[in-house]
Amino acid sequence: MLRTSIAAATVLALAAAPAHGRSARSHVVTYRGTSGVAGVGSVRSQEPPVGEAATETLTVDRRVLVSVSDESGTRVPFQLYQDMTYLGLYCGRTLYPVRLPRAGGTVRALVTSGVCDGGAGTATAGTVTFRLA
């Protein structure tokens with residue numbers, strides 16, 4: 001039983017490690033919106049950005065996992081870009097690591113207010129965590 005547990009832990013650790021042999025790294029970036037009430041009552045999913053957070057990637061980075069923690073306590077939508085390439089619209093976090101289309105460059109999260117999880121997500125200020133691998 002102990003041997004099975006050790007083998008399972010080893011497999012999980014290897015599966016979580018990035019393919020390039022480096023450990024994943026995280027960057028936490030703070031954003032502050034221009035208005036605490038932007039987008040209240042909105043039913044559109046792509047409102048003007050309330051805040052922006054960005055981080056530089058290395059040429060070995062292939063994927064990014066992003067989560068947004070807003071002071072409002074609600075999950076808020078954000079648009080994800082690498083340089084000028086649109087990577088998608090997400091609610092609170094990316095469920096899976098997002099493939100980066102090219103090596104290097106800047107990854108940006110434009111935090112917005114709007115519909116998220118079927119309710120209004122009102123972005124005010126908070127942090128964006130980028131986990132690069």
Give a yes or no on whether the backbone of [Y] and the side-chain of [X] come within a donor-acceptor separation of less than 3.5 Å.
X: S67; Y: R93; result: no
X: T55; Y: V107; result: no
X: Q79; Y: R108; result: no

>> Tell me every residue that passes ring-ring contact (aromatic ring centres under 6.0 Å, His included) with Y81, counting only those two or more places apart in sequence or in another chain.
In response: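 For Y81, the residues satisfying ring-ring contact (aromatic ring centres under 6.0 Å, His included) (neighbours in sequence not counted) are Y86.
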> For S69, what residues pass the side chain to side chain donor-acceptor pair (under 3.5 Å) criterion, not counting sequence neighbours?
Replying inline: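 S69 satisfies side chain to side chain donor-acceptor pair (under 3.5 Å) with no residue once adjacent residues are dropped.
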>> For T127, give me all partners under side chain to side chain donor-acceptor pair (under 3.5 Å), at least two apart in sequence or on another chain.
In response: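 Listed in chain order: nothing, the list is empty.
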>> Side-chain heavy atoms under 4.5 Å apart, restricted to Ile/Leu/Val/Met/Phe/Trp/Tyr: what other residues fall into the cluster of L95, or is it alone?
In response: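 Other cluster members: Y96.
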State, to 0.1 Å, how close [X] and [Y] come at their nearest heavy-atom pair, and which atoms those are.
X: A53; Y: F130; value: O-CZ, 3.6 Å
X: D61; Y: L58; value: OD2-N, 2.7 Å
X: S72; Y: T122; value: OG-O, 3.1 Å
X: L87; Y: P101; value: CD2-CD, 3.7 Å
X: S113; Y: A123; value: OG-N, 2.9 Å

> Please, which pairs that meet salt bridge (charged side-chain N to carboxylate O under 4.0 Å, His left out) have at least one residue in residues 67-89, sequence neighbours excluded?
Replying inline: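 Qualifying pairs: R32-E71, R75-D117, D83-R102.
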> Tell me, which pairs form a salt bridge (charged side-chain N to carboxylate O under 4.0 Å, His left out) where one or both residues lie in residues 119-128, sequence neighbours left out?
Replying inline: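 Pairs touching residues 119-128 that pass the test: none.
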> Does V29 belong to the same Ile/Leu/Val/Met/Phe/Trp/Tyr cluster as Y31, with side-chain heavy atoms less than 4.5 Å apart forming each link?
Replying inline: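 The answer is yes; both residues are in one hydrophobic cluster.
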> With side chains defined as the heavy atoms from C-beta onward, is the minimum distance between L100 and R62 less than 4.5 Å?
Replying inline: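 Answer no - side chains too far apart.
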